[in-house]
Amino acid sequence: MSVVEKTIRKLQESQQRAGEVAGNIPSPSAHHETADATAEPASPACARGAIITVERGTLRSAGLMPAEQDAQLLTRQYRKIKRPLINAAIGREGPRLPRGYLIMIASAMAGEGKTFTAVNLAFSMAREKDVRVLLVDADVAKPQLSNLLGLGEARGLLDALRQPDLDVESLIHPTDFPTLSVLSAGTAGDDATELLSSTSMDRLAQELGRNDSRRIVVLDSPPLLQTTESSALAHVAGQIVVVVRAESTPQPVLIDALKTLEGHPALSLVLNQSMRSVTSEYYYYGYGTERAGSDVSG
Ligand SMILES: Nc1ncnc2c1ncn2[C@@H]1O[C@H](COP(=O)(O)OP(=O)(O)O)[C@@H](O)[C@H]1O
Ligand SMILES: [Mg+2]
């Protein structure tokens with residue numbers, strides 16, 4: 001069965017289950033990761049921009065963080081999602097995937113939850129004691145994340161690509177969350193697509209991995225079917241997480257999106273099933289993840 005067929009089957013299953021409220025919530029994982037308090041401090045050598053405070057309230061108001069009553073459930077779900085990604089990224093419990101540290105969060109269309117997933121996955125990963133997370137706003141046309149973090153005017157990804165002599169580390173901002181740092185989208189320009197598909201992007205990707213072997217880079221990206229930048233990013237990313245809004249992504253659209261990624265060696269699927277129950281006010285998140293490579297089961 002091809003990657004696309006497997007993915008569609010998962011989507012169909014999840015859509016069938018859409019009405020079964022209780023059954024959609026994954027059970028808590030038996031293996032819980034290290035809590036915030038044990039996280040290691042970030043390497044000061046690897047992030048030299050001004051320290052920024054990540055305003056959780058601002059992110060929550062923008063819909064990019066769960067409401068407080070939903071946070072615990074989401075935390076449990078992201079634990080499941082992040083584990084295989086981290087394993088492949090840093091070679092925990094197995095070999096390191098080539099460029100596995102570079103994780104692109106993709107989706108077919110806008111509004112499917114890429115930025116939401118990138119932010120919450122980055123926070124979840126940053127709670128691990130042996131990794132440092134760099135969250136990159138690679139949605140250069142709509143840099144929502146950069147704007148919300150107060151980095152809308154700051155130099156970032158595009159500047160590093162435009163000026164090869166610029167040290168990318170000097171553009172990375174540490175945050176008040178010690179193991180999480182941020183690289184903004186940078187100064188916009190008509191050259192964005194060319195820059196992202198250039199050899200400079202390749203060089204930058206290597207540099208980010210070489211400078212810190214414990215670093216995981218989470219790329220928030222533009223939609224696969226609505227921009228050309230995302231295909232360029234997919235070429236450099238070692239792992240791609242495709243976010244599917246299970247209750248609304250049409251299957252033909254998902255198929256088209258997955259076709260643009262066909263042949264990628266490390267594709268994962270996250271079903272982002274935020275929805276309201278038909279029978280109550282209960283608001284919940286349902287996530288499932290499945291490696292869409294050769295090791296897919298079911
Ligand atoms: N799991 C989720 N739970 C609640 N709201 C979500 C979830 N995923 C996405 N959203 C909401 O959907 C909207 C679009 O999400 P966003 O991450 O900005 O999409 P994208 O980056 O793919 O365009 C946002 O308003 C966000 O709050
Ligand atoms: Mg977005």
Side-chain angles (χ1 to χ4, degrees), residues 11 14-15 17-18 21 24-26 54-82 103-124 135-149 151-152 156-157 182-186 188 192 196 218-227 229-231 233-234 237 240-250 253-254 256-258 260-261 268-277 281-289:
L11 180 62
S14 101
Q15 285 174 334
R17 287 196 307 265
V21 175
N24 256 355
I25 304 174
V54 179
E55 299 290 352
R56 274 57 157 192
T58 307
L59 291 177
R60 196 168 286 127
S61 308
L64 294 181
M65 281 202 141
E68 264 168 55
Q69 69 270 20
D70 299 320
Q72 271 197 331
L73 177 58
L74 198 80
T75 300
R76 287 200 298 271
Q77 291 164 343
Y78 273 108
R79 282 193 180 117
K80 286 182 158 184
I81 294 170
K82 72 179 169 181
I103 303 174
M104 173 183 177
I105 312 300
S107 80
M109 311 289 285
E112 295 195 85
K114 289 180 296 301
T115 305
F116 184 97
T117 303
V119 167
N120 289 283
L121 192 59
F123 267 104
S124 181
L135 179 58
V136 177
D137 187 356
D139 192 351
V140 294
K142 292 194 177 161
Q144 184 196 14
L145 198 53
S146 307
N147 293 334
L148 286 170
L149 295 173
L151 296 172
L157 176 63
V182 176
L183 178 64
S184 71
L196 291 174
V218 176
L219 294 172
D220 182 26
S221 72
L224 287 163
L225 297 181
Q226 293 169 315
T227 62
E229 290 98 337
S230 53
S231 311
L233 288 168
I240 301 179
V241 174
V242 181
V243 179
V244 180
R245 197 140 196 172
E247 76 273 28
S248 66
T249 307
V253 169
L254 176 62
D256 284 349
L258 291 173
T260 70
L261 303 174
S268 307
L269 175 71
V270 169
L271 293 175
N272 187 8
Q273 299 174 321
S274 75
M275 67 186 82
R276 287 180 193 279
S277 153
E281 301 292 6
Y282 183 50
Y283 186 35
Y284 73 92
Y285 305 86
Y287 279 90
T289 184

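Each residue takes its place number in the sequence, starting with 1. When a ligand or atom number is given, it counts from 1 through the structure's own listing order.
- At least one heavy atom of Arg245 lies less than 4.0 angstrom from ligand 1.
- Between the side chain of Arg56 and the backbone N or O of Val54 there is at least one donor-acceptor pair closer than 3.5 Å.
- When only interatomic distances are considered, the shortest N/O to N/O separation between Asn272 and ligand 1 falls below 3.5 Å.
- The side-chain contact (heavy atoms from CB on, under 4.5 Å) test applied to Ala108 returns Glu112, Leu225, Val253, Ala257, not counting sequence neighbours.
- Some N or O of Lys114 is nearer than 3.5 Å to an N or O of ligand 1, by distance alone.
- Of all protein N/O/S atoms, those lying under 2.8 Å from the Mg ion (ligand 2) come to 1.
- Between the side chain of Lys114 and the backbone N or O of Met109 there is at least one donor-acceptor pair closer than 3.5 Å.
- On a distance-only criterion, Ala62 and ligand 1 share no N/O pair closer than 3.5 Å.
- When atom types are taken as modelled, the side chain of Ser61 and the backbone of Gly57 share a donor-acceptor pair closer than 3.5 angstrom.
- Close approach of ligand 1 to Thr115 is summarised as follows: ligand atoms under 4.0 Å from at least one heavy atom of the residue are 17 (O), 21 (O).
- Sorted by first and then second residue, the side-chain hydrogen bond (donor to acceptor under 3.5 Å, both in side chains) pairs with a member in residues 218-227 read Thr115-Asp220, Thr227-Ser230; sequence neighbours excluded.
- The distance criterion of under 3.5 Å between nitrogen or oxygen atoms is not met by Met109 with respect to ligand 1.
- When only interatomic distances are considered, the shortest N/O to N/O separation between Leu64 and ligand 1 does not fall below 3.5 Å.
- Taking CG of Leu261 as the reference point, atom CG of Leu224 lies at 5.0 Å (rounded to 0.5 Å).
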Residues Leu59, Glu55; criterion side chain to side chain contact (heavy atoms under 4.5 Å, CB included); working and verdict
CA-CA 6 Å; Leu59 291 177; Glu55 299 290 352; over 6 Å; no
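- Counting only residues at least two apart or on different chains, the salt bridge (Lys or Arg N to Asp or Glu O under 4.0 Å) pairs with a member in residues 58-68 are Arg60-Glu68.
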Please step through side chain to side chain contact (heavy atoms under 4.5 Å, CB included) for the pair Leu74 and Phe116, ending with a clear verdict.
CA-CA 11 Å; Leu74 198 80; Phe116 184 97; 4.1 Å; yes
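- Remark: Asp139 CG to Ile105 CD1 distance equals 12.5 Å, nearest 0.5 Å.
- In terms of polar-atom proximity, defined here as any N/O pair under 3.5 Å, Ala110 makes no such contact with ligand 1.
- Which parts of ligand 1 touch Gly63 is read off a 4.0 Å heavy-atom cut-off, strictly below it: atoms 26 (C), 27 (O).
- Side chain of Arg245 to backbone of Gly111: a donor-acceptor contact under 3.5 angstrom is found.
- The contact set between ligand 1 and Gln144, taken as ligand atoms under 4.0 Å from a residue heavy atom, comprises 18 (O).
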